[in-house]
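One is the number of the first residue; the rest follow in order along the sequence.
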Amino acid sequence: TPSVAQYLERLDDSDQPLALAAFTGLLDSNPYLTPWQVSWLAPALSRMPSLSKGADGARRAAWLRSVWDDARAPEPVRAAIAQTLARHKIVSTTELLDVYDRMSETSRPALAVALGMTGLDPSGKQAQALTGEDDLIRWQFEWGHAQA
């Protein structure tokens with residue numbers, strides 16, 4: 001799976017529709033992918049603008065969302081796919097904030113990036129409470145906000 005993710009990250013824009021179609025075909029065959037495999041693929045898929053567009057995109061989004069919603073998925077996996085979900089508007093700010101409060105300190109930076117991607121106002125109370133006095137969280141949130 002890491003090799004497939006590296007391949008997907010190297011695709012240029014003209015190859016992405018074909019790669020997404022192949023990926024949708026894979027999902028249609030109902031493969032078993034571990035939550036860790038999903039966390040390796042999610043960042044590569046995230047950069048594809050049409051990931052969650054159309055009927056095929058809805059299936060891809062539902063698949064990613066199912067991993068996010070699976071309470072058995074390890075915390076680092078959920079944190080890793082949060083950015084893809086946020087970038088493609090598959091998860092809400094409220095949902096991310098709820099999970100953020102329950103995650104360990106090691107997973108919170110990845111969620112801070114995702115929260116920044118949701119468009120949460122950096123000067124608002126929620127963002128201020130999130131970043132507090134933790135420089136790493138603040139930097140991650142700001143980086144995510146810049147990527148939105």
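For the residue pair Ser107 and Arg78, no side-chain donor N or O sits within less than 3.5 Å of a side-chain acceptor on the partner. Side-chain polar atoms of Ser46 and Gln83 form no donor-acceptor pair below 3.5 angstrom. Remark: the Ser92 side chain and the Thr94 side chain contain no N/O donor-acceptor pair separated by less than 3.5 Å.
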Exercise for the section: Apply side-chain contact (heavy atoms from CB on, under 4.5 Å) to Leu27 and Arg59, showing your working. Expected result: CA-CA 8 Å; Leu27 291 179; Arg59 286 197 313 248; 5.6 Å; no
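Checked for salt-bridge contact, Arg108 and Asp134 miss the test: no charged N lies under 4.0 Å from a carboxylate O.
For the pair Arg60 (side chain) and Leu51 (backbone), a donor-acceptor distance under 3.5 Å is present. Looking only at distances, a side-chain donor or acceptor of Thr34 sits under 3.5 Å from a matching main-chain atom of Gln37.
Ile81 is not connected to Met117 by any chain of hydrophobic side-chain contacts under 4.5 Å among Ile, Leu, Val, Met, Phe, Trp and Tyr, and they are in different clusters. Connection of Leu136 to Val113 is not established within any shared hydrophobic cluster, with ILVMFWY side chains joined at heavy-atom distances below 4.5 Å, either directly or through further cluster members. A chain of hydrophobic side-chain contacts below 4.5 Å, direct or via other Ile, Leu, Val, Met, Phe, Trp or Tyr residues, connects Leu85 to Leu33.
Of the inter-residue distances, the one linking Gln140 atom CD with Leu115 atom CG reads 11.5 Å to the nearest 0.5 angstrom. Atom OG in Ser123 sits 7.0 Å away from atom CD in Gln128 (nearest 0.5 Å).
Ser14 and Pro17 make their closest contact through O-CD, 3.6 Å (heavy atoms, listed as atom of the first residue, atom of the second, distance). Nearest heavy-atom pair across Leu96 and Ala86 is CD1-CB, 4.2 Å.
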